[in-house]
Each structure stands twice: as structure tokens, then as C-alpha cells.
There are 2 protein chains.
Amino acid sequence: MSEEAKAKSQSIRAVDALRALIFAGELPPGSDHLESELAEKLGMSRTPVREATLVLESQGLLEVRPRKGVRISALSADDMREIYEVLTELESLAASLAADAGYSEQELSRLKTAIVEMEASVAANDREGWARADAAFHDELVRLGGNKRIQTIVSNFNDQVRRARALTLHMRPMPSKSNQDHRALYEAIAKGDSKAARQVHWMHRTEAKDMLINLLHQHGLRRV
Amino acid sequence: MSEEAKAKSQSIRAVDALRALIFAGELPPGSDHLESELAEKLGMSRTPVREATLVLESQGLLEVRPRKGVRISALSADDMREIYEVLTELESLAASLAADAGYSEQELSRLKTAIVEMEASVAANDREGWARADAAFHDELVRLGGNKRIQTIVSNFNDQVRRARALTLHMRPMPSKSNQDHRALYEAIAKGDSKAARQVHWMHRTEAKDMLINLLHQHGLRRV
DNA sequence: CAATTATTTAACGTATACATTAACAAATTC
DNA sequence: GAATTTGTTAATGTATACGTTAAATAATTG
């Protein structure tokens, strides 16, 4: 019943720690950091840090630039568009697959819970709560799709746009239309209507993408 | 005008060499290899080999299993289905984006060339030639889509199914229907009909997926 | 004799020393 | 004085030594 291995390797610790520092904004987008600095900051030698940077580079969170330090990725609006195009497509596929899988209401309970939480959060004007429930909804949707490759890619890309979402969370209107979309998607999946599920979610994500990109432009956020 | 840096690092050489060994079947799917063996085989120390295995693991070509050696990935029919689902979706998106981009016939010339080559190869009963041209067609399609993230993912996944494609190349009928699909896709892109481009390619890839998976089953290839 | 516990061993994970290389500065040449 | 060359330095890339850990084997106990 133990959760995880307690004794993680330094490399894994380095990956986790660097991710945390990046998400916390302590290693801001566009900033450069030497391996030796990071190693000292994390209290370990360069070796596990190097390994961690390779992993994080493959996930698009940073870029290893020999002799210039690792550079924390900064995304342009265009990068954001590219990522959202992929997210839109793959999540829509996941929605379609989930509908085809013929889940019972029981099996869709987490999806339902997330919807209820989003609605409660909107009513309470709680944006952070809404964002958490929204993330849970999308995670669960992709999980229900059952395709592990989609799960991996979507998870990576969500990490990459995490900052941009956090930045714009308070700039946008309360997402009430969004909640309607989620209910419609839920119904489509429950009914096993894969065409509708795909369509509804595709539109939902496309609107979210346009919203996000407009906000970035309006607020002059060239790279985040 | 020099092509590339001549002096590549050992890590990069290790990535290239291991990929080549995997594709050549010298490191067969499912086989295990110690870091030290690989290091000796490549004539370098463990360090760059370790770094290479991390990169290749992130690309899904192998799996690092502490104290059991790195295991070369072996894909089941189900893995193949997952990968093809993603390939289908993302290539179809690329087709749609390419159609929207409004390319001139000039800019579509490589696509056209690949089509002509595929037709000539079918006429000459040259499967290897057809496979090369088909790969060129798909690569160019994705390039025309213009989304770098799609290019990266599709390239990775193509690497992963490379063996399965090679294995089944001689089991399938000569792909003449396929050539019709390619022409139809070309027309849709040239006309700027993104809906049609997406649809035509989606169906094309879905049929290819079903064909491949059936062949794997029929020939009892449980993992490749 | 089965099951558990100790021992061994081999492979990995990490630190570290050092070689290599690219960026920068200085010096020299034209 | 500009441009090229040379030298310096700092950071990375690589090898290697060694500690750590998990798998396998042997030993022991009930």
C-alpha cells in the first residue's frame, strides 16, 4: 500500500525540483542558468542536473545551449497557437474515443464531479477553484480516452502553457459559456455520440485558444 | 557553406549510433542491453551512452530499466493503434493547415513529385521505391502544415513504427488506392479546401492503420 | 524441506577530475 | 585603426572512481 518509492534518485529529484522552480517563476522564461549554478542551488553535483536538463529539454520546458547555460523556454503567441492546435486535436480525439468506449455514469463520475465544482466555483467567483476543476476535467477526459500516447503529449503541452494560463486567469471573464460546453460534452460521451463529443470539444478548445492568444496580444505579453 | 559541425559530441554520436542499431535490427525489439555493453560497443564511456538512453527513452525507442539494462521498445498491436490514432489526427490537422495556407503549385511541387514517384513505383512493382516516396509525401505534408510541434511528434512516432512498416511492406497488396487518396489530398490542398483535405487524409490514414493492424494479427506478430 | 535471512555481486547512480571547446580579450599585423 | 590572430578563461563534455542498491545466491532456521 505504500505510495511510491521513498528513495528517489537525485536525477528524479532534480527533474522535480527544476520543474517546481520553473512553475513557481523562480527560473523565469528566457533566463539562463549554468549547470554548476543549478547544481549548487539543488545541493547536488552536476551529473544528475545534466540528466534532468536533458529530460526537461525533451519536454520543451527548457533548452540546453552549450556554454550559454540552459535557457528556460519562453513561448511566443505563435508557439502558443501551435501547442493549442495540437491540444485541441488530441483532446478532441480523446473525447471521441471516450464516447466510443461506452462508459457508465459511474465511470464518468469524476467528470461529473469536476463539472459540479466548476459551476460552484463560477457561482462563488473563485477563479483558482475553477481552474483546478477545469484542469481535473480535462485530465479525466484524456484519461477516459484511454490512449496513453495522447495522455503523455497532452500532459507535456499543458505543462508548457501552464504559466500562460495562470497569467491570463484573472484577465478573462468568468467562464460560464465554458460550463455549458462541459455539460454538452458530458452528455455526448454518456450517450456514446463520438461525433458530437469530438465536435463540441473541438469548438470549446478552439475558443479557449483564441481567447488566450487575444489576451496575450492585448496585454503585450510577447513571450511567457 | 559547410554542412554541419564536423565535431559532434559523443552523446550525439551515441544517439545516432543507437538509433541506427535499433533501426537495423541489431538491437532487436524486446532485447536488453547494459550501459557498459553499449558503451563498449560504441567505443566510449558510459556517460554519453547514459545521456543518449535518456534522450531515446523520451522518444519512446527504448526504456531504461535500472539494473536490468535498457530494453528496446517492442510494440503491441494495441500500441500501434494508439500511435496511428495520433498520427492520423495530427497529419490530418497538418493537411487542413496546409490547405488553409494557400500554397502555390510551385510550393506544392515536392508533394507532386512524391505522388509521381509513388505512381511510377506502383507501375514498376517497386515496393521499396513506393515506401520511400510515400514517406517523402507524408513528411512534406506535415512540413507544409507549418506546425513545428506536429512535425516533432509525427517524426518521433514514425520512428517508432518504422520496423512494423518495413515488416509489412511485402505482405500487403500494391497500394493503388493509396495513390488515388494522395491525388485527392493534393487537389484539396491546392484548392484550399481544408475540410476536404482533413477528411481525405483522415480516411487514408485510418485505412492504413486498419491494414497494418490486421496484417500484424494475421501474421501472428505480437510485438515488433 | 520450505521459508526466511544473510551474503555476495554486479549494475547503476553520483561525484569529481580532467580534457575539450567556444567565447572573450588582448595583441599584433597590415 | 580595423581586422585578424593568438591567448586566456570559463563552461561544458567525458572518463573514471566509488558508493549505493537491488538481484541472485547461499546459508540458516523453524
Side-chain angles (χ1 to χ4, degrees), chain A residues 1-22 26-28 30-74, chain B residues 1-22 26-28 30-74:
Chain A
M1 282 290 122
S2 82
E3 285 297 282
E4 300 274 302
K6 2 76 228 287
K8 293 203 280 195
S9 73
Q10 295 285 63
S11 294
I12 293 175
R13 246 192 294 275
V15 170
D16 292 346
L18 289 177
R19 287 170 60 90
L21 289 173
I22 292 171
E26 196 159 335
L27 302 177
S31 62
D32 293 327
H33 308 274
L34 300 178
E35 288 178 1
S36 42
E37 287 176 26
L38 295 175
E40 189 180 21
K41 192 192 291 261
L42 302 187
M44 58 183 72
S45 82
R46 274 176 53 221
T47 305
V49 171
R50 256 181 90 79
E51 294 182 353
T53 61
L54 287 173
V55 170
L56 294 173
E57 180 173 46
S58 81
Q59 296 176 1
L61 285 180
L62 53 81
E63 198 184 341
V64 174
R65 308 165 68 234
R67 277 153 240 286
K68 300 189 179 171
V70 303
R71 172 162 295 179
I72 309 305
S73 297
Chain B
M1 281 296 121
S2 81
E3 285 297 284
E4 299 274 304
K6 0 104 215 284
K8 293 202 279 192
S9 73
Q10 295 284 64
S11 294
I12 293 174
R13 247 192 295 276
V15 170
D16 292 346
L18 290 177
R19 287 171 60 89
L21 290 173
I22 292 171
E26 197 157 337
L27 302 178
S31 63
D32 293 327
H33 308 274
L34 299 180
E35 288 178 1
S36 42
E37 285 176 26
L38 294 175
E40 190 180 20
K41 192 192 292 260
L42 301 186
M44 59 184 70
S45 81
R46 274 176 53 219
T47 306
V49 172
R50 256 181 89 80
E51 293 182 353
T53 59
L54 286 173
V55 170
L56 294 172
E57 180 173 45
S58 81
Q59 295 176 3
L61 285 180
L62 53 81
E63 199 184 341
V64 175
R65 308 167 66 236
R67 277 155 237 286
K68 300 191 178 170
V70 304
R71 171 162 294 178
I72 310 304
S73 297

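A, B, ... follow the sequence lines: proteins, then strands. Residue 1 opens every chain. From a predicted model like this one, the values you see are computed outputs, not experimental measurements.
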- prompt: Can you name the one residue among T53(B), L27(B), D32(B), L61(B) that meets side chain to side chain contact (heavy atoms under 4.5 Å, CB included) with V70(B)?
  reply: T53(B)
Can you check the [X] [atom1] to [N] [atom2] distance for me, whole Å?
X: R13(B); N: dG13(D); atom1: CZ; atom2: P; value: 13 Å
X: M44(A); N: dT16(C); atom1: CE; atom2: C1'; value: 16 Å
X: K8(B); N: dT20(C); atom1: NZ; atom2: P; value: 20 Å
X: R65(B); N: dT21(D); atom1: CZ; atom2: P; value: 21 Å
X: Q10(A); N: dC18(D); atom1: CD; atom2: C1'; value: 16 Å
X: E35(A); N: dA15(C); atom1: CD; atom2: C1'; value: 14 Å
X: R71(B); N: dA11(C); atom1: CZ; atom2: C1'; value: 16 Å
X: E51(B); N: dG13(D); atom1: CD; atom2: P; value: 8 Å

Of the nucleotides [options], which has the atom closest to the [X] side chain?
X: S9(A); options: dT12(D), dA22(D), dG13(C); answer: dG13(C)
X: R67(B); options: dT14(D), dT20(D), dT14(C); answer: dT20(D)
X: L34(A); options: dA11(D), dC12(C), dT14(C); answer: dA11(D)
X: T47(B); options: dA23(D), dA11(C), dT16(D); answer: dT16(D)
X: R46(A); options: dA15(D), dA17(C), dG13(C); answer: dA17(C)
X: S45(B); options: dA23(D), dA15(D), dC12(C); answer: dA15(D)

message: Could you report the tightest heavy-atom contact between V49(B) and A14(B), atom names first, then the distance?
response: CA-CB, 4.4 Å
query: Would you say Q10(B) and E51(B) make side-chain contact, with heavy atoms under 4.5 Å?
result: no
field: Point-to-point distance, once rounded to the nearest 0.5 Å, from CZ of R13(A) to NZ of K8(A)
entry: 8.0 Å
message: Under 4.0 Å from OP1 or OP2 of dG13(D): is there any side-chain N or O of R50(A) that close?
response: yes
field: Electrostatic pair E63(B):R71(B) at N-O distance under 4.0 angstrom
entry: no
